[in-house]
> 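Got a structure for you, written out below as structure tokens; questions coming shortly.
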Amino acid sequence: MSRGSRHTPVCPRNVRGPHGRGVFRAHCLLAALALVAGCGPSPAPGQVTTLTVYGAASLGPALESIKSAYLARSGVDLLLSTGSSATLRTQIEQGAPADVFLSADLQSPTALVAGGLVDGQVVVFAGNRLAVIVPSDNPGNLSSPLDLGRPGVRVVAAADRVPITTYATSLLERLAAIPGAPPDFAVRYAANMVSREPDVAAVMARIELGEGDVAIVYASDVARATNVRVLSLPEGRNVSVAYGGVVIAAPGHVAAGHALLDWLAGTEGQAILARFGFSTVP
């Protein structure tokens with residue numbers, strides 16, 4: 001049976017005889033029982049059993065746990081699609097069938113609100129910080145985040161519109177303000193880039209494989225990593241990250257989408273996100 005379909009048993013209308021009304025009712029009862037036996041419980045009108053969730057690449061591992069927990073809690077399955085928040089936003093703008101969008105920034109979901117594609121407003125459901133990482137064996141021999149601008153260091157970064165790139169730019173500005181940092185620190189960093197990846201998960205993978213010397217990623221990305229080391233950032237130089245979620249104005253799925261966002265911002269959802277290195281919302 002297709003999602004949301006509802007079948008009504010067909011009862012005979014041409015029963016005749018003195019006991020016709022009773023026979024008619026009996027036939028209806030038998031038809032209904034046959035339907036239940038053959039098809040199982042029918043969902044109520046408008047009931048949603050699957051939601052399509054577009055989520056930031058950095059949420060990938062957490063979303064798998066969220067999917068299992070939410071199915072057990074609500075009976076609603078989540079069809080997950082992860083990638084760069086900027087790319088997912090563009091896909092939604094072009095008509096991709098998402099029900100809920102979970103972004104690694106506030107700009108992308110806010111743009112969807114402005115475009116009239118959303119029901120309600122942006123819900124901030126998680127926070128994060130940044131981390132400067134190197135492979136476990138540290139082939140570039142980096143000892144400080146300021147080494148991001150050292151000649152010959154291979155920097156792996158993300159594409160321009162990816163949220164981690166915006167956050168990384170803010171971090172570079174803060175590092176450049178440290179006494180003793182070279183005045184052209186950001187320029188040196190850009191010159192050291194050896195690849196621009198489609199999302200932060202790809203950046204992380206390149207460093208874990210030793211295909212670069214250093215990268216700026218989210219703190220949650222390294223919470224369960226085993227093949228990288230983190231370079232300590234100077235006090236007060238890190239950047240706060242906010243994750244925003246919205247419900248896409250898809251007919252029939254709006255209420256279910258809001259229920260998921262409410263659960264994600266609630267006690268159970270926040271506990272799962274915390275286990276994967278995300279900071280929780282007040």
Side-chain angles (χ1 to χ4, degrees), residues 53-70 78 80-86 88 100-109 122-136 138 142 145 148 156-158 162-172 174-175 197-209 212 214-245 260-261 263-282:
V53 177
Y54 279 25
S58 55
L59 289 168
L63 283 177
E64 292 296 337
S65 287
I66 286 167
K67 171 186 170 78
S68 299
Y70 196 66
L78 306 181
L80 304 175
S81 179
T82 58
S84 161
S85 296
L88 296 177
V100 176
F101 176 41
L102 305 176
S103 180
D105 62 7
L106 301 183
Q107 288 78 11
S108 289
V122 179
V123 174
V124 178
F125 65 90
N128 215 333
R129 303 284 276 174
L130 300 186
V132 179
I133 61 168
V134 299
S136 295
N138 194 10
L142 285 81
L148 284 161
V156 178
V162 181
I164 188 64
T165 300
T166 301
Y167 294 125
T169 299
S170 296
L171 177 61
L172 292 170
R174 295 185 178 193
L175 293 175
E197 303 300 320
D199 55 48
V200 71
V203 172
M204 188 75 188
R206 291 290 296 270
I207 295 300
E208 287 184 300
L209 292 170
V214 65
I216 299 172
V217 298
Y218 297 115
S220 62
D221 293 322
V222 299
R224 297 183 175 223
T226 57
N227 297 325
V228 301
R229 292 168 51 186
V230 178
L231 301 181
S232 297
L233 287 167
E235 186 71 25
R237 302 294 175 174
N238 210 325
V239 175
S240 295
V241 175
Y243 285 68
L260 171 60
L261 270 187
W263 179 87
L264 198 57
T267 303
E268 291 181 76
Q270 293 293 289
I272 294 174
L273 288 166
R275 290 205 306 269
F276 284 85
F278 295 90
S279 56
T280 57
V281 295

> Could you tell me the separation between the OG atom of Ser240 and the OH atom of Tyr167, rounded to the nearest 0.5 Å?
9.5 Å
> Which pairs would a plain distance check flag for residues 61-70, meaning a side-chain donor or acceptor within less than 3.5 Å of a matching protein atom at least two apart in sequence or in another chain?
unit_1 : atom_1 : unit_2 : atom_2 : d
Lys67  : NZ     : Asp77  : OD1    : 2.9
Lys67  : NZ     : Leu78  : O      : 2.6
Ser68  : OG     : Glu64  : O      : 3.4
Tyr70  : OH     : Leu260 : N      : 3.4

> Indicate yes or no for a side-chain donor-acceptor contact from Arg174 to the backbone of Asn238 under 3.5 Å, with no hydrogens or angles considered.
yes
> Grab the two heavy atoms, one from Asp199 and one from Gly83, that are nearest each other, plus how far apart they are.
OD2-CA, 4.0 Å
> Quick check against the 3.5 Å criterion: does Ser279 have a side-chain atom that pairs as donor or acceptor with the backbone of Gly127?
yes
> Taking side chain to side chain contact (heavy atoms under 4.5 Å, CB included) as the criterion, tell me which of Asp221, Val217, Leu171 meets it with Leu130.
Leu171
> When you measure from the centre of the six-membered ring of Phe276, is the NZ or CZ of Arg224 under 6.0 Å away and within 45° of the axis?
yes
> Of the non-hydrogen atoms in Ala86 and Pro163, which two are nearest, and what is the gap between them?
N-CD, 4.3 Å
> Can you check whether Ala57's main-chain N or O pairs, donor with acceptor, with Thr82's side chain at less than 3.5 Å?
no
> What residues form a ring pair (Phe, Tyr, Trp, His ring centres under 6.0 Å) with Phe278, not counting sequence neighbours?
Tyr243
> Is the backbone N or O of Trp263 less than 3.5 Å from a side-chain atom of Glu268, with the two atoms forming a donor-acceptor pair by type?
no
> Are a donor atom and an acceptor atom from the side chains of Ser220 and Asn128 found within less than 3.5 Å of each other?
yes
> Between atom CZ of Phe101 and atom CG of Leu88, what is the distance when rounded to the nearest 0.5 Å?
5.5 Å
> Go through Val122 and Leu106 one step at a time and tell me if the side chain to side chain contact (heavy atoms under 4.5 Å, CB included) criterion holds.
CA-CA 8 Å; Val122 179; Leu106 301 183; 4.2 Å; yes
> When rounded to the nearest 0.5 angstrom, what distance separates OG1 in Thr280 from CD1 in Ile272?
13.5 Å
> For the pair Gln270 (side chain) and Phe125 (backbone), establish whether a donor and an acceptor sit closer than 3.5 Å, ignoring hydrogens and angles.
yes
> Roughly how far, to the nearest 0.5 Å, is the CZ atom of Arg229 from the CG atom of Leu142?
9.5 Å
> Between Thr165 (side chain) and Ala158 (backbone), is there a donor-acceptor pair under 3.5 Å?
yes
